[in-house]
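All values below were derived from every heavy atom in this structure, side-chain atoms included, with hydrogens, water molecules and symmetry-related copies excluded.
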Amino acid sequence: MSSWRRRKWSFLVLTLLLYSIVMVMISLLQPERANRLKREACGCSVRSDSETFTRVPGSRTLLINAFREHRTPAASVRLLAIVPGEERSLRSSCVFCCQGDGEMATAAAQRTTHRSNYFFPYGTGDFLCLIPPGCEPRFVGLLSGDSVDFTNFTLLPVLNRASVERPRLPLRFTLCIANMFNSYDNVLQFVQAMELYRLLGIQRVIVYKTSCSATMDTVLDYYSRKRGFLQVRPWPIDAFLKPSSSWTPSLGPGQIHYYGQIPSSNDCLYRSMYQSRYVLMHDADEVILPAGNVSFQTLISDLEKAHGEKVNFYFPNNVFPYEEKEENSRFDFPEWRNVPGSNFLGHVLRELDTSGYNTGKLVLDPRGVLQMEVHSVHEHIDGGRTERVGRERGQLYHVRRRKNNQQGALVRDEGLLKVAVALVERVNHALSSMGLLNTTAGPAPTSAHPSPAMAGLR
């Protein structure tokens with residue numbers, strides 16, 4: 001072999017060796033620090049909004065959404081997820097798709113498993129990642145372990161990219177309802193709740209839906225057309241996990257509490273962070289009514305005067321049992337009898353709560369909350385705190401099956417009836433517009449005049 005050929009082969013071998021060394025170093029260093037990767041190397045596949053959950057390669061984690069985090073000292077992105085408890089120690093890294101230069105960047109992820117999973121194997125978690133210098137992320141994804149495999153890798157759009165000051169938020173009140181499942185069909189009570197909240201000044205409702213009846217779909221479509229009053233977020237958790245229909249595995253076996261009620265609630269909270277001053281967190285069979293003849297805005301303004309801003313409010317639970325329906329109620333209208341669901345105007349007996357448990361619901365300032373569960377805020381931020389609201393200011397009404405079976409454990413409470421006349425008029429109009437009102441029974445009677453304050457809220 002000539003000298004020239006020997007030098008040529010030596011050059012090729014050395015080139016291949018150097019290339020191998022460089023690739024090994026990249027694979028080793030990638031999980032530890034930000035590295036720029038060309039778009040052509042791994043692509044920038046972006047999921048559509050209809051895909052509620054995104055699987056993380058090499059993990060059982062399900063990503064829900066990604067949010068720009070404006071409350072940390074350094075620029076960050078927080079990915080909200082459903083996580084298995086067994087992966088608490090699994091290392092992860094964020095992959096950013098940077099705006100403008102068409103490049104990718106990675107950074108180590110700080111994993112947090114939220115502490116409330118009610119003893120189910122899956123719960124809520126989040127991954128906080130510092131944004132690499134020079135990167136303005138439009139999309140972000142997650143890799144688990146030391147994986148650098150971008151096969152079928154999907155990125156999520158980064159939401160909340162702009163921070164909005166509190167006085168400039170477009171909405172005052174948003175209601176989050178999580179979740180509808182088991183072919184939910186409590187139509188009448190849902191319509192009553194929607195009309196009550198419209199009466200009181202709630203501007204937007206977000207419903208997380210796994211399944212509901214065809215009649216309930218008609219109702220959701222009706223309110224979705226009301227100038228954006230209602231937004232329905234698909235929540236197909238049963239296509240990914242075996243969800244429980246209860247709050248504890250002993251009452252309802254499954255992999256996650258109540259069809260993923262806690263992660264969907266956290267998602268709604270983060271979605272609303274720079275849209276709404278306050279977010280109401282409760283179920284479709286619950287309503288919060290201010291005491292006296294006042295709007296929700298008046299109630300919250302009074303609470304802010306008493307406690308200041310950056311405060312969350314807890315309303316204790318008050319159960320009005322299904323089983324205790326008032327006989328010959330003047331609000332038991334024939335027009336409503338063919339509508340599926342409960343008429344909460346017919347339930348005026350309230351249980352005395354002697355359990356000692358906190359099972360109430362929350363009105364939150366989302367910018368002061370890092371983590372929440374069904375009945376409480378687990379972690380505040382930026383000076384946030386939660387105050388308990390007494391019945392003299394407002395009350396949570398919860399129409400459900402009886403919890404306290406002791407004799408004499410019921411008291412009469414007609415608080416909801418103060419809005420009944422104005423509410424009946426609105427409910428009849430809504431049901432008629434949906435084709436659900438039994439007009440052959442004649443018009444619904446009225447038995448009193450609405451208070452001046454409530455009449456002004458129509």
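- Distance check, rounded to the nearest 0.5 Å: NZ of K209 to CD1 of I177 gives 13.5 Å.
- Under the 3.5 Å distance criterion, the side-chain polar atoms of Q255 are matched with a main-chain donor or acceptor of K242.
- Under a 3.5 Å cut-off, the side chain of S276 and the backbone N or O of T174 do form a donor-acceptor pair.
- Closest of all the heavy-atom pairs between W247 and L251 is NE1-CD1, 3.5 Å.
- Considering CG of L436 and CH2 of W336, their distance stands at 13.0 Å, rounded to 0.5 Å.
- Within 6.0 Å of CD on E392 lie more than 12 heavy atoms contributed by other residues, nucleotides or ligands.
- Checking D365 against N312 by side-chain atom types alone, no donor-acceptor pair falls below 3.5 Å.
- Ion pairing of E324 with R412 is absent here, as no side-chain N (NZ or NE/NH1/NH2) approaches a carboxylate O to less than 4.0 Å.
- Counting only residues at least two apart or in different chains, ring-ring contact (aromatic ring centres under 6.0 Å, His included) contacts with residues 373-405 comprise F320-Y397.
- Put simply, CZ on R115 and CD on E379 are 8.0 Å apart, with the number rounded to the nearest 0.5 Å.
- Side-chain contact annotation: S301 with Q297, donor-acceptor N/O pair under 3.5 Å present.
- Between Q395 and D413, the side chains place a donor N or O and an acceptor N or O closer than 3.5 Å (distance only, hydrogens not considered).
- Here the straight-line distance linking atom OG1 of T52 with atom CG of L63 works out to 12.5 Å at 0.5 Å rounding.
- Formation of a donor-acceptor pair under 3.5 Å by the Q203 side chain with backbone atoms of F173 is found in this model.
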For this session: Begin with the C-alpha distance, continue with both residues' side-chain angles, and end with the deciding distance and a verdict on side-chain contact (heavy atoms from CB on, under 4.5 Å) for V287 and L396.
Result: CA-CA 6 Å; V287 294; L396 173 69; over 6 Å; no

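- In this structure, the side chain of Y184 does not engage the main chain of S213 through any donor-acceptor pair within 3.5 Å.
- Salt-bridge annotation for R337 and E335: absent, with no side-chain N of the basic residue lying under 4.0 Å from a carboxylate O of the acidic one.
- Listed for the S116 side chain is no donor-acceptor partner under 3.5 Å among the backbone atoms of E373.
- Put simply, the side chain of I202 does not reach to within 4.5 Å of the side chain of L196, judged on heavy atoms.
- Atoms CG and CZ, on D332 and R330 in that order, are 12.5 Å from each other to the nearest 0.5 Å.
- No side-chain heavy atom of R88 sits less than 4.5 Å from a side-chain heavy atom of V83.
- In this structure, the side chain of S295 engages the main chain of T298 through a donor-acceptor pair within 3.5 Å.
- Shown here for R401 and Y322, the closest heavy-atom pair between the two residues is N-CD1, 3.4 Å.
- In this structure, the side chain of N343 engages the main chain of L345 through a donor-acceptor pair within 3.5 Å.
- Proximity of L303 to V389: side-chain heavy atoms (C-beta onward) are separated by under 4.5 Å at one or more points.
- Under the 4.0 Å criterion applied to side-chain N and carboxylate O atoms, E195 and R198 are assigned as salt-bridge partners.
- With salt bridges taken as basic N to acidic carboxylate O contacts below 4.0 Å, none links R111 and D126.
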For this session: Please report the C-alpha distance between R138 and V158 in whole Å, then the side-chain angles of each, then the deciding distance to 0.1 Å, and finally whether the side-chain contact (heavy atoms from CB on, under 4.5 Å) criterion is met.
Result: CA-CA 6 Å; R138 296 177 299 155; V158 177; over 6 Å; no

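- Under the 4.5 Å side-chain criterion, counting only non-hydrogen atoms from C-beta, I256 is in contact with P263.
- V205 is not listed as a side-chain neighbour of Q231, based on a closest heavy-atom distance of 4.5 Å or more.
- Between the N186 side chain and the G341 main chain, no donor and acceptor come within less than 3.5 Å of each other.
- A donor atom on one side chain and an acceptor atom on the other are not found under 3.5 Å apart for T124 and N266.
- Using a 3.5 Å distance cut-off with no hydrogens or angles, the side chains of E87 and S59 do pair a donor with an acceptor.
- Residues T215 and D185 bring no donor and acceptor atom of their side chains to less than 3.5 Å of each other.
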Problem set entry | Pair V369-I381, side-chain contact (heavy atoms from CB on, under 4.5 Å): steps then yes or no | CA-CA 6 Å; V369 178; I381 193 173; over 6 Å; no

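- To the nearest 0.5 Å, the span separating OG on S433 from CG on L431 amounts to 9.0 Å.
- Contact of the L230 side chain with the L220 side chain is registered, since non-hydrogen atoms from C-beta on lie closer than 4.5 Å.
- In terms of modelled atom types and a separation under 3.5 Å, the side chain of N160 and the main chain of M273 share no donor-acceptor contact.
- Side-chain atoms of R78 do not come within 3.5 Å of backbone N or O of C129 as any donor-acceptor pair.
- Between E86 and R60 there is a side-chain heavy-atom pair separated by less than 4.5 Å.
- Each ring-ring contact (aromatic ring centres under 6.0 Å, His included) pair with one or both residues in residues 252-286, not counting sequence neighbours, appears once here: F67-Y270, H70-Y274, Y118-H257, F181-Y259, Y197-H282.
- Side-chain contact between V95 and L142 is absent, with no heavy atoms from C-beta onward closer than 4.5 Å.
- Screening R166, K310, R277 against E304 for a salt bridge (charged side-chain N to carboxylate O under 4.0 Å, His left out) leaves a single residue, R166.
- Between D221 and R225 there is no salt bridge, since no side-chain N of the basic residue sits under 4.0 Å from a carboxylate O of the acidic one.
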For this session: Start with the C-alpha gap between L423 and F344, add the side-chain angles, then the distance that decides, and say whether side-chain contact (heavy atoms from CB on, under 4.5 Å) holds.
Result: CA-CA 11 Å; L423 184 62; F344 65 42; 3.8 Å; yes

